[in-house]
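Numbers here simply count residues along the sequence, with the first being 1. The basis for the numbers below is simple: all heavy atoms, side chains too, and nothing from hydrogens, waters or symmetry mates.
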Amino acid sequence: QVQLVESGGGLVQAGGSLRLSCAASGRTFSSYAMGWFRQAPGKEREFVAAVTWNGNSAYSANSVKGRFTISRDNAKNTVYLQMNSLKPEDTAVYYCAARYGSGLLSRQYEYDYWGQGTQVTVSS
């Protein structure tokens with residue numbers, strides 16, 4: 001069992017940066033594959049980025065590739081999403097998710113645990 005709490009969202013101008021954090025409870029965080037998803041108003045939740053349990057491999061959606069970077073610090077039980085060159089279309093609620101085990105997971109049903117989300121708003 002793991003509980004996830006996101007933070008770091010807010011209002012930023014287009015072209016700006018934000019870093020989201022997702023703090024996980026539990027002593028086995030390093031055994032979990034982690035991911036970030038987002039949901040814009042009126043749209044379905046979509047995959048943003050994923051990282052393996054040890055942080056050695058990461059994968060991101062084409063829409064954010066080159067702008068967003070996922071990383072993790074297992075000593076701090078935290079996964080991060082560094083977001084640069086933000087665009088108005090990045091406006092959404094951002095969620096982190098966890099699944100026990102290995103792999104780079106890009107589908108919602110592959111994850112067992114979800115945070116409550118943090119709002120990111122990018123103004124033009």
(request) State the OG-CG distance between S30 and N77, to the nearest 0.5 angstrom. (result) 8.0 Å

(message) I need the E6 CD to C22 SG distance, nearest 0.5 Å.
(response) 5.0 Å

Contact check, side chains of [X] and [Y], non-hydrogen atoms, under 4.5 Å:
| X | Y | value |
| --- | --- | --- |
| L18 | L86 | yes |
| V120 | T91 | no |
| V5 | Q116 | yes |
| F29 | N74 | yes |

Minimum-distance pair of heavy atoms, taken over all atoms of [X] and [Y]:
| X | Y | result |
| --- | --- | --- |
| I70 | A58 | CG2-CB, 3.7 Å |
| Q108 | W114 | O-CZ2, 3.6 Å |
| L4 | A98 | CD1-N, 3.8 Å |
| P88 | S124 | CG-CB, 3.9 Å |
| V2 | Y32 | CG1-CE2, 3.9 Å |

Check whether [X] and [Y] end up in the same hydrophobic cluster, where Ile, Leu, Val, Met, Phe, Trp and Tyr are linked by side-chain heavy atoms less than 4.5 Å apart.
| X | Y | value |
| --- | --- | --- |
| Y95 | L20 | no |
| Y113 | V79 | yes |
| W53 | V51 | no |

Short question: side chain of [X], backbone of [Y] - any donor-acceptor pair under 3.5 Å?
| X | Y | answer |
| --- | --- | --- |
| R99 | D112 | no |
| Q82 | R19 | no |
| T52 | S57 | yes |
| R72 | G55 | no |

(request) May I ask you to check whether over 12 heavy atoms, not counting those of K65, lie within 6.0 Å of atom NZ? (result) yes

Please output the side-chain donor-acceptor pairs of residues 33-50 that fall under 3.5 Å, not counting sequence neighbours, one pair per line with the distance.
residue: W36; atom: NE1; partner: Y80; partner atom: O; Å: 3.4
residue: R38; atom: NE; partner: E46; partner atom: OE2; Å: 2.6
residue: R38; atom: NH1; partner: D90; partner atom: OD1; Å: 2.9
residue: R38; atom: NH1; partner: Y94; partner atom: OH; Å: 3.0
residue: R38; atom: NH2; partner: E46; partner atom: OE2; Å: 3.1
residue: Q39; atom: NE2; partner: K43; partner atom: O; Å: 3.1

(message) Between D73 and T78, do the side chains contain a donor N or O and an acceptor N or O under 3.5 Å apart?
(response) no

Hey, can you pull the donor-acceptor pairs under 3.5 Å for the side chains in residues 100-107, sequence neighbours left out?
none

